[in-house]
Amino acid sequence: MDFLAGLNPQQREAVEYAQGPLLILAGAGSGKTRVITHRIAHLIHAHGVAPSAIVAVTFTNKAAGEMRDRVSAMLAGRYPLEGLTLSTFHSFCVRLLRRDGQALAQLRPGFTRSFTIYDEDDQLALVKAVYRHQGLDEKQFLQYRAALSRISHAKNLKQTPDDLAKDAKDPRTTRLAAVFEQYEARLRQANVLDFDDLLLEAVRLLQHHEPTRQAYNRRIQYLLIDEYQDTNRCQYELMRLLSESHRNVCAVGDEDQSIYSWRGADIRNILDFEADYPDARTIRLEENYRSTKNILECASALVAHNKERKGKWLWTGAPAGSRVGLYEAYDGGEEALFIADTIGRLVKAPADRVGILYRTHAQSRQIEEALRRYGRQYHVVGGFSFYQRAEVKDLLAYLKVIVAPQDSISLLRIINTPVRGIGKTTLEQVERYALQHELSVWAAIGRMLDEELFPARAETALGAFRKLIEEFLEAAKDSRLDGLLRLILERTGYLKMLEGEDTPEAEARAENLKELVRASAEALERGEGISEFLDHAALVSEADTLDERAQISLLTLHNAKGLEFPIVFMAGLEEGLFPHSRSLESKSALEEERRLCYVGMTRAQKRLILTWAQERRRWGGGLPEPSDPSRFLKEIPREFTEDLGKKKRFRQVDLYAERHEARDTARRKAYTGKTYNSLENITEFFASRGAAKPAPSSPPRVAAPAGKKKFAIGSMVEHPRYGKGMIIRREGEGESAKLTVSFPGYGLKKLLEKYAGLKAQE
DNA sequence: TGATTGTTTGCTCCA
DNA sequence: CAAACAATCA
């Protein structure tokens, strides 16, 4: 076995350099993942390092999973890799706190290892509750989101509410500090950590608890950190703490790809690595193996406009390839049609995967519509993921309440879901009582019931609710996780409620819940408990939902990090959209936007097409606003680009569009505005967490609400004789359902759904 | 209390 | 345009 063969000299050195701090400046497409995986395999095989002594952190679970697969393929069962840690910073910290967090109770009173995690919605609900308590008004004071982001920012700087209050220069900040203080108090009281806490508390534990730090330092001999340019202060400290004794830190990054400063990422971490470790070896990987020369030239020229960089110039031995395409669309809709149309002409083989990248999620809608109109399958990364759906979050909230009934945010989420007669008035009463007596909502309900403070109707409803939760608490002691979930679904009547609705949407939601139960059964088989199951839901990232089998993927530029596609479209290159209007004021923010553009461009292997629109509607009904082409377009040298035109192309697309006009209006009606990721993908994701193997692939499905075969009005179908048609009307139910379908060229046909042999057309 | 209707507001990016 | 919230009515 030779893990050095086929590597270029720099890659080879990066793999072999085993002792002491190492910084790998890996340009886009320079074989970074290859170096990391080979390095791990080489350490194990050639240096006899125990897999359990290696810790590698990456940016997403998906990237971690892929690296694990590659390493285990290389070592082909010769070494047991169970002990190898390959995960994200957040997962790593959660595991650390769950396993070895007992001592944190000294630093954070009330902390236990069965803590739960709040996602952003929970955090927002908490901020709202605090506002309510302190009599603050979102409109007069600060928007919830803004408050939350300032709190998070303070936390990332390791500021306490007191620090914030002390430094306050204006009364608003003083008030914010008060919000912050109560926010923290409520987290602690419920034994909950937010995302920032996961890193923060892990660092605190290691800093202040000698035995834990020593234990980790004894175990870990090699630390690898991927995407180092996007680490924040906490992650940096974590790295220092975990490598104190051996100092075998290998940081891999590219300052030109730093795109997360708004999340606290500190570009100084990478710029100052050599100052932090004076004996560090620095290796540059500057040969790009991904893109054609034209693409690379454009990207390099663009990023060269930045000042804050170490400076490097990627090169490639690849042919020039096609020039980078530029297209000027009339408006957002036409831009989308152009993309959909061009895909049809460009994509020849299944291997021609397409990535459509945009700055903001909102841009996906029009592109989706265009793709649907062209009958193309596509997959939206992130978008509206499994765990963000209301029904899934509800069920998980029940679990959180079972783990910690004093978690009032989760409790309030489910107290009247499904509706059980606990209304606004009653809840206001309970909340007031809880605040007065400094109790959690759960404790307040108990006390108030015991003291008979409710009117009859509320008393009945809350009494029943208390009994219900108590039953769950009891059941949680000895029943299996999936059994517990089933019990919840049954006893709360959640599934019944959905069945009662009798709509395709409700059916899809019921299906999601069953999927969650299945996932829990699998989690159980891997030996996970409730907490681990919940962690999993909290720590999936949007990028984890990428389905490589999909021919066309839609995703934000941020989610595109680390990925590659033979064909890439970047849409919406307009001043104010990209670079985003909120970045125009600050020089460094603008540079980050430029890096983001660079990241996007360097995702492309063979073909890159950049588009912008002369005008765009900010939201639906509003007036179209004229826009200027992005400055980034001007920074790309024309010698490597080709003009894909505007007017001429526009006509063509428009003619095509007109033919599909009827289809479009119908579709718009049926379109709910949300796009779901396929269930299969989620099942696979769950499965791949424990065992590294993803399930055998099946063709990707069109992202659409799951449901049984019941054609909705307005949907397109295919008939064996008449071809494509649109459902106009439906009469009757079940066996005898009659459909009226309009077939172009044949007119209206009335068909029995059962016998017509219709196939869905997407 | 809870369903329905009306009104407003929002679009960065994310673990 | 569509979610979130407020107001209204049954």
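The shown structure was predicted, so the numbers you read here are calculated from the model rather than taken from an experiment.
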Could you state the atom-to-atom distance from CD1 of A:I259 to C1' of B:dC14 in whole Å? 10 Å

If you measure from the P atom in B:dC13 to the same atom in C:dA4, how many Å do you get, rounded? 15 Å

With DNA chain B as reference, determine whether A:A458 or A:Y260 sits nearer its 5' end, using the nearest nucleotide of each. A:A458

Calculate the interatomic distance between A:D194 atom CG and B:dA15 atom P; express it in whole Å. 15 Å

Quick one: do A:D535 and A:R98 make a salt bridge, cutoff under 4.0 Å? yes

Are the ring of A:H558 and the base ring of B:dC13 both nearer than 5.5 Å at their centres and tilted by less than 30°? no

The side chain of A:T556 lies closest to which of these nucleotides: B:dC11, B:dA15, B:dC13? B:dC13

Rounded to whole Å, please give me the gap between NE2 in A:H580 and P in B:dG10. 14 Å

When rounded to whole Å, the CG to P distance for the pair A:L577 and B:dC13 reads 10 Å

Under 3.5 Å, which donor-acceptor pairs link side chains of residues 555-565 of chain A to any protein atom two or more places apart or in another chain?
unit_1, atom_1, unit_2, atom_2, d
A:T556, OG1, A:N559, N, 3.1
A:T556, OG1, A:N559, ND2, 3.4
A:H558, NE2, A:I259, O, 3.1
A:N559, ND2, A:E542, OE1, 3.0
A:K561, NZ, A:D230, OD2, 2.3
A:E564, OE1, A:R290, NE, 2.7
A:E564, OE2, A:Q605, NE2, 3.4

Compare the minimum distances between each of B:dG10, B:dT12, B:dT1 and the side chain of A:T425, then state the nucleotide with the smallest one. B:dT1

Is there a side-chain contact between A:S541 and the phosphate of B:dA15, meaning an N or O under 4.0 Å from OP1 or OP2? yes

Minimum-distance nucleotide to A:R145 side chain [options: C:dC5, B:dA15, B:dC11]: B:dC11

Mind checking A:Q143 for me? I need base, sugar-phosphate or nothing, with any heavy atom below 4.0 Å counting as a touch. sugar-phosphate

Shorter than 3.5 Å, N or O on both sides, protein versus nucleotides 2-6 of chain B: list them out with atom names.
unit_1, atom_1, unit_2, atom_2, d
B:dG2, OP1, A:G421, N, 2.7
B:dG2, OP2, A:N416, ND2, 3.2

For C:dA6 versus B:dC11, give the span between their C1' atoms, rounded off to a whole number of Å. 23 Å

Is the NZ or CZ atom of A:R595 positioned over A:Y598's six-membered ring, under 6.0 angstrom from the centre and within 45° of the axis? no

Kindly point out which of B:dT1, B:dC11, B:dA15 is positioned nearest to the side chain of A:R618? B:dC11

Has A:Q229 got a side-chain atom pairing as donor or acceptor with A:D254's backbone, closer than 3.5 angstrom? yes

Side-chain touch A:R389/A:R509, heavy atoms, less than 4.5 angstrom: no

So what does A:N559 touch, heavy atoms closer than 4.0 Å: a base, only the sugar-phosphate, or nothing? sugar-phosphate

Under the rule for ring-ring contact (aromatic ring centres under 6.0 Å, His included), what residues qualify as partners of A:F578, not counting sequence neighbours? A:F632

Using atom NE2 of A:H361 as one end and atom C1' of C:dC1 as the other, report the distance to the nearest whole Å. 17 Å

Taking OP1 and OP2 of B:dC13, is either one under 4.0 Å from a side-chain nitrogen or oxygen of A:K561? no

Specify the separation, in whole Å, of atom OH of A:Y118 and atom C1' of B:dA15. 18 Å

Please answer whether the main-chain N or O of A:F533 pairs with a side-chain N or O of A:H536 as donor and acceptor at a distance below 3.5 Å. no

Check whether A:D197 reaches the backbone of A:E201 with its side chain - one donor and one acceptor, N or O, closer than 3.5 Å. no

Is the phosphate of B:dT12 approached by A:R582 (side-chain N or O, under 4.0 Å from OP1 or OP2)? yes

Base, sugar-phosphate, or nothing for A:T426, non-hydrogen atoms under 4.0 angstrom? sugar-phosphate

Figure out the CG/C1' separation between A:L124 and C:dA3, and round it to whole Å. 13 Å

Measure from CD on A:E138 to C1' on C:dA3 and round the result to the nearest Å. 14 Å

So, under a plain 3.5 Å distance rule, would you say the side chain of A:R359 forms a donor-acceptor pair with the base of B:dC13? yes

